[in-house]
Amino acid sequence: MTTHAPQAAQSVTLPTTLDEAVAALAAMPAAVPVAGGTDLMAAVNSGQLRPAALVGLGRISEIRGWQYLDGHALLGAGLTHARMGRPDFAALIPALAASARAAGPPQIRNAGTLGGNIASASPTGDALPVLAALEATLIIAGPGGARREIPVSHLLAGMEMLRAGELIGFVRVPLLHAPQVFLKATGRTGPGRALASVALVLDPARRGVRCAVGAIAPMPLRPLEAEEWVARLIDWDNNRAIVPEALSAFGEYVAAACIPDPGPAEDGSAQQLPPAVLHLRRTVAALARRALGRALS
């Protein structure tokens, strides 16, 4: 048995400000930014990636915390899952804290970052459905001190992409001051990669429900019609009461929207979902039902 060590990067740059990092990336188009490195090193070790240069983001203090801004939380892209899982952050954005605590074992939570979770855009990224349900926006840092803002859903859907020399600097999240829930199914006991996940947030000011389903598609899915339907059934003026039957119906509505029945076969006969897909749809329904029940309890 032989072991092939990954090829070392030609150079490593360690900027201390966001603009310095952007300048380094602009000067070295082949360079790869790295923060926690949980996804990058897995790609290097498997031989899928051989970076010619690295721009380390770990010394940029401005992106490792958060601040309040006009009813929003401005989260630095360098926030680790471990930091987001702490009680003070959980009081701010409960669903994002729950997703951070579920991100994996301690070594992953201590290293992995919010910005890395977004930039790698893995379908099983736990933070992604939460950010989609919260309708978060990204503040992108570009050359020459430029900043632009895009919805996180646009980046995840490929509607807008990071340009050469750009970095995710911050994530702007609205503070709803209302119940939020994140649940995921892993198929195993303890932390693991999600088979399906659901993020659900209430927006009492707009009398709305926002839900996003993760891990079952390349990007988080928003069942908009199911959101609108169940929001009309909630008694917002009476402790957000809802009839129990509506919880189950909501779960089924979400699951059917995200994993629809197949169309008819060429001969016109009805087709059935494969057993594994049918099980996944039932899992999504259960997660959505439980998430709404917890948010309203």
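Bear in mind that the values here come from a model prediction, so they are computed numbers and not experimental data. Worth knowing before you read on, the calculation uses all heavy atoms, side chains too, and leaves out hydrogens, waters and symmetry mates. Just so you know, residue 1 is the first one in the sequence shown, and it goes up from there.
Remark: the backbone N or O of A127 is paired with a side-chain donor or acceptor of N117 at under 3.5 angstrom. With hydrogens and angles ignored, the 3.5 Å screen pairs no side-chain donor or acceptor of E228 with any backbone N or O of E225. Of the possible polar contacts, none joining the R147 side chain to the A141 backbone as a donor-acceptor pair under 3.5 Å is found. Without hydrogens or angle criteria, W236 side chain to A205 main chain gives no donor-acceptor distance under 3.5 Å. Judged by distance alone, with hydrogens and angles left aside, the side-chain atoms of K184 form a donor-acceptor pair with the main-chain N or O of A102 at under 3.5 Å. Of the possible polar contacts, none joining the S197 side chain to the A194 backbone as a donor-acceptor pair under 3.5 Å is found. When atom types are taken as modelled, the side chain of R109 and the backbone of G104 share a donor-acceptor pair closer than 3.5 angstrom. Of the possible donor and acceptor atoms, one in the side chain of E227 sits under 3.5 Å from a partner among the backbone N and O of C211.
Remark: I139 CD1 to I150 CD1 distance equals 11.0 Å, nearest 0.5 Å. Distance check, rounded to the nearest 0.5 Å: CG of L200 to CG of L183 gives 9.0 Å. Once rounded to the nearest 0.5 Å, the distance linking CZ of R59 with CZ of R64 reads 11.5 Å. Atom CG of L131 and atom CZ of R172 lie 14.0 Å apart (nearest 0.5 Å). Note that the CG atom of D237 and the CG atom of D235 stand 6.0 Å from one another [nearest 0.5 Å]. Put simply, CG on L273 and NE2 on H279 are 13.5 Å apart, with the number rounded to the nearest 0.5 Å.
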Report task. With side chain to side chain contact (heavy atoms under 4.5 Å, CB included) as the test, would you mind laying out the steps for L57 and I60 before giving the verdict? Result -> CA-CA 6 Å; L57 309 179; I60 306 176; 4.0 Å; yes
Query - Worked verdict on Q180 versus L134 for side chain to side chain contact (heavy atoms under 4.5 Å, CB included) - result: CA-CA 9 Å; Q180 306 173 8; L134 289 169; 3.9 Å; yes
Requested in this report: Would you check, one step at a time, whether the test ring-ring contact (aromatic ring centres under 6.0 Å, His included) holds for W229 with F250?
Outcome: CA-CA 8 Å; W229 173 79; F250 174 70; 7.2 Å; no
Report task. Could you check L167 against V55 for side chain to side chain contact (heavy atoms under 4.5 Å, CB included), going step by step and ending with a plain yes or no? Result -> CA-CA 11 Å; L167 281 172; V55 176; 5.9 Å; no
Report task. Show the numbers, then the answer: is there a side chain to side chain contact (heavy atoms under 4.5 Å, CB included) between V201 and L176? Result -> CA-CA 8 Å; V201 301; L176 301 177; 4.1 Å; yes
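Y68 places a side-chain heavy atom less than 4.5 Å from the side chain of L92. For the pair R83/L114, no side-chain contact is recorded, criterion being any heavy-atom separation below 4.5 Å from C-beta on. Using a 4.5 Å heavy-atom cutoff, the side chains of D126 and R193 are not in contact. In this structure the side chain of V230 never reaches within 4.5 angstrom of the side chain of Y253, judged on heavy atoms. Residues L221 and I216 have side chains in contact (heavy-atom distance under 4.5 Å, counting atoms from C-beta outward). Under the 4.5 Å side-chain criterion, counting only non-hydrogen atoms from C-beta, L202 is in contact with R240. No side-chain heavy atom of S248 sits under 4.5 Å from any side-chain heavy atom of E252. Under the 4.5 Å side-chain criterion, counting only non-hydrogen atoms from C-beta, R210 is in contact with R222.
Criterion: ILVMFWY side-chain heavy atoms under 4.5 Å apart, direct or through other members. Under it, F170 and V173 are not part of a common hydrophobic cluster. Both I168 and V152 sit in one connected hydrophobic cluster of ILVMFWY residues. Membership requires side-chain heavy atoms under 4.5 Å apart, directly or through other members. Residues I118 and L79 share a single hydrophobic cluster, defined by chaining ILVMFWY side chains whose heavy atoms lie under 4.5 Å apart. V32 and L162 are assigned to two separate hydrophobic clusters, defined by single-linkage of ILVMFWY side chains at heavy-atom distances under 4.5 Å. Tracing side-chain contacts under 4.5 Å through hydrophobic residues (I, L, V, M, F, W, Y), one never reaches F182 starting from V254; they form parts of separate clusters.
Annotation for A82 and N110: closest pair CB-OD1, 3.3 Å, computed over non-hydrogen atoms. Of all the heavy atoms in P129 and G214, the pair that sits closest is CB-N, 4.0 Å. Looking at every heavy atom in both residues, A212 comes nearest to P220 through CB-CB, 4.5 Å. Considering all non-hydrogen atoms of both residues, A53 and M28 come closest at CB-SD, 4.2 Å. Nearest heavy atom pair, residue A73 against residue I93, reads CB-CD1, 4.1 Å. R101 and A90 make their closest contact through NH1-CB, 3.9 Å (heavy atoms, listed as atom of the first residue, atom of the second, distance).
Heavy-atom contacts from other residues, nucleotides or ligands closer than 6.0 Å to CD of Q107 number more than 12. Counting heavy-atom neighbours within 6.0 Å of R206 CZ, excluding the residue itself, gives a total of 12 or less. Within 6.0 Å of atom CD in E62, more than 12 heavy atoms from other residues, nucleotides or ligands are found, so the atom counts as buried in its surroundings. Remark: N239 CG is loosely packed, at most 12 non-hydrogen atoms of other residues, nucleotides or ligands lying under 6.0 Å away.
No side-chain donor-acceptor contact under 3.5 Å links S122 and S120.
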